[in-house]
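The structure appears right after this line, and notes come after that.
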Number of protein chains: 2
Amino acid sequence: MTARPDPLTVEVVDLIGTVVARYHEEYERAAAEHSLTGAQARLLRLLAMEPMPMRKLAQCLKCEPSNVTGIVDRLESRGLVERRPDPADRRVKLAVPTDEGRATADRLRTSLDFARQPLGRLTVAERTLLKQLLQRMLGVEPEVPKAPGTGREAGERRRSEG
Amino acid sequence: MTARPDPLTVEVVDLIGTVVARYHEEYERAAAEHSLTGAQARLLRLLAMEPMPMRKLAQCLKCEPSNVTGIVDRLESRGLVERRPDPADRRVKLAVPTDEGRATADRLRTSLDFARQPLGRLTVAERTLLKQLLQRMLGVEPEVPKAPGTGREAGERRRSEG
DNA sequence: TATTGTTATACTCTATAACTATA
DNA sequence: TATAGTTATAGAGTATAACAATA
């Protein structure tokens, strides 16, 4: 019967699944509003933060470099991205957003009000709490571990599944 | 400029983005382990919970009915799913998992240890808290609102640091 | 030789529109 | 007429393999 985790964990996982689904719908919707696919939107947002070589784009997007060629092609044909030679290494092409590309990326971010909409239901205290829980869940170190023992070290482990 | 939300909200949104990315990687990886695509895995898991007509599958998957035809075709050609006529309405075809399909769906669920892995880092109390926060964020009513004030008022704040 | 980016190929997913067989 | 499912079509993303230019 492939034992399931305890009911609480299942509930939380289901909730996370719902969050994931909504996040994606929202992302695709926002991208489509600008006539972009999800992949194009993700690539454009990456470049808006920092221009980079094709190879690095592939790493960031976790896909094969050959795919990046096509996605950048489509963005370039719409005047949102440019390919520039890297003076230091003539094999490398740097993908750089045009001014219009940057503007689109900016509007895209604004459209992504998944940020504010659902989170708006939470108080500041709750958001802080959620942040801490997600950080712990993801194994991310809190940014300011001032005190040596940040609170919950090994003391209160409590796992509940088989 | 397009004013950004406050830094705390941005941080939480970024964390949620990370959760979403990991969830997807994990899902695709688990599906690939069984030589399934993500879409095929999602459809098969739906059917394992409850056989349903093609039309309803499309609604659940939030895609066009014509897509479902192809996905079911591929699963059927591998012997994981069957199409059965609906006695009540001869236009309708019910998609039903075969025994092997059910077994695959079950193994798939087990592979999805995204469930236990990251959540294992949280104590039971933390998981409960996370559940409540996500429910509030998603606007989902807690399932047993016995008492008029369901609890998450101001009384039981419990943060573990900060 | 190794690396960067591209091309060629094949498969899947996706939406749209037109078709069929039922209702 | 309306509905369920399919087919046909086209575009996009994906991985693999082979290739050119450069290192």
Side-chain angles (χ1 to χ4, degrees), chain A residues 21 24-25 27-47 51-78 80-96, chain B residues 20-21 24-47 51-78 80-96:
Chain A
H24 255 91
E25 287 168 38
Y27 204 101
E28 294 289 324
R29 185 197 56 66
E33 264 179 22
H34 299 83
S35 306
L36 295 171
T37 65
Q40 288 165 7
R42 278 188 290 279
L43 193 152
L44 186 56
R45 290 189 69 197
L46 275 177
L47 290 188
M52 60 183 86
M54 307 294 281
R55 204 95 194 165
K56 192 174 178 193
L57 271 174
Q59 288 165 357
C60 290
L61 295 172
K62 294 188 209 304
C63 71
E64 294 301 313
S66 59
N67 301 330
V68 176
T69 299
I71 302 175
V72 168
D73 278 351
R74 279 158 224 133
L75 289 173
E76 193 167 29
S77 74
R78 289 180 50 188
L80 299 176
V81 165
E82 271 180 7
R83 273 181 250 236
R84 293 196 195 151
D86 182 337
D89 185 338
R90 281 160 45 192
R91 292 173 303 180
V92 174
K93 289 178 191 168
L94 262 74
V96 184
Chain B
V20 169
H24 255 91
E25 287 167 40
E26 188 74 7
Y27 205 101
E28 295 289 325
R29 185 198 56 66
E33 263 178 22
H34 299 82
S35 306
L36 295 171
T37 65
Q40 288 165 5
R42 277 188 292 278
L43 192 151
L44 186 57
R45 290 190 69 196
L46 275 176
L47 290 188
M52 61 184 86
M54 306 294 281
R55 204 96 195 165
K56 193 174 177 193
L57 272 175
Q59 288 164 359
C60 290
L61 296 173
K62 295 190 210 300
C63 72
E64 294 300 313
S66 58
N67 302 330
V68 176
T69 299
I71 302 175
V72 168
D73 279 351
R74 279 159 225 132
L75 289 172
E76 193 167 29
S77 74
R78 289 179 50 187
L80 299 175
V81 164
E82 269 180 6
R83 273 182 251 235
R84 292 194 194 155
D86 182 336
D89 183 339
R90 281 161 43 192
R91 293 174 302 181
V92 173
K93 290 178 190 169
L94 263 75
V96 184

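Numbers restart at 1 for each chain; the letters A, B, ... are given by sequence-line order, proteins then strands. Since we're looking at a predicted model, the values are computed, not measured.
Comparing Asp73(A) and Arg91(A) along DNA chain C, the residue whose closest nucleotide (by nearest heavy atom) sits nearer the 5' end is Arg91(A). Each of Pro87(A) and Asp89(B) has a nearest nucleotide on DNA chain D; the 5'-most of these lies closest to Asp89(B).
The two residues Cys63(B) and Val68(B) make their nearest non-hydrogen contact at SG-CG2, 4.0 Å.
Of the candidate nucleotides dT14(D), dA15(C), dA23(D), dT14(D) has the atom lying nearest to any side-chain atom of Asn67(A). Between dG5(C), dT16(D), dA23(C), one nucleotide has an atom nearer to the side chain of Pro53(A) than all others, and that is dG5(C). Picking from dT4(C), dT7(D), dT6(C) the nucleotide with the shortest atom distance to the side chain of Thr69(B) gives dT7(D).
Residues Gln40(B) and His34(B) form no side-chain contact, since every pair of their non-hydrogen atoms from C-beta on lies 4.5 Å or further apart. Side-chain atoms of Leu80(A) and Leu36(A), non-hydrogen and from C-beta on, do get closer than 4.5 Å to each other.
Using a 4.0 Å cut-off, no side-chain N or O of Lys93(A) falls inside it from OP1 or OP2 of dA21(D). Contact annotation: Arg83(B) side-chain N/O to dT6(D) OP1/OP2 distance is under 4.0 Å.
Here the C1' atom of nucleotide dA8(D) and the CD atom of Glu64(B) are 15 Å apart, to the nearest Å. We find that CE of Met54(B) is positioned 15 Å from C1' of dA21(C), with the value rounded to whole Å.
Side-chain N/O atoms of Arg90(B) and base N/O atoms of dT22(C) include no donor-acceptor pair closer than 3.5 Å. In this model, a side-chain donor or acceptor of Ser66(B) finds a partner on the base of dT16(C) within 3.5 Å.
Here CE of Met52(A) is found 13.5 Å from CG of Asp86(A). Values are rounded to the nearest 0.5 Å.
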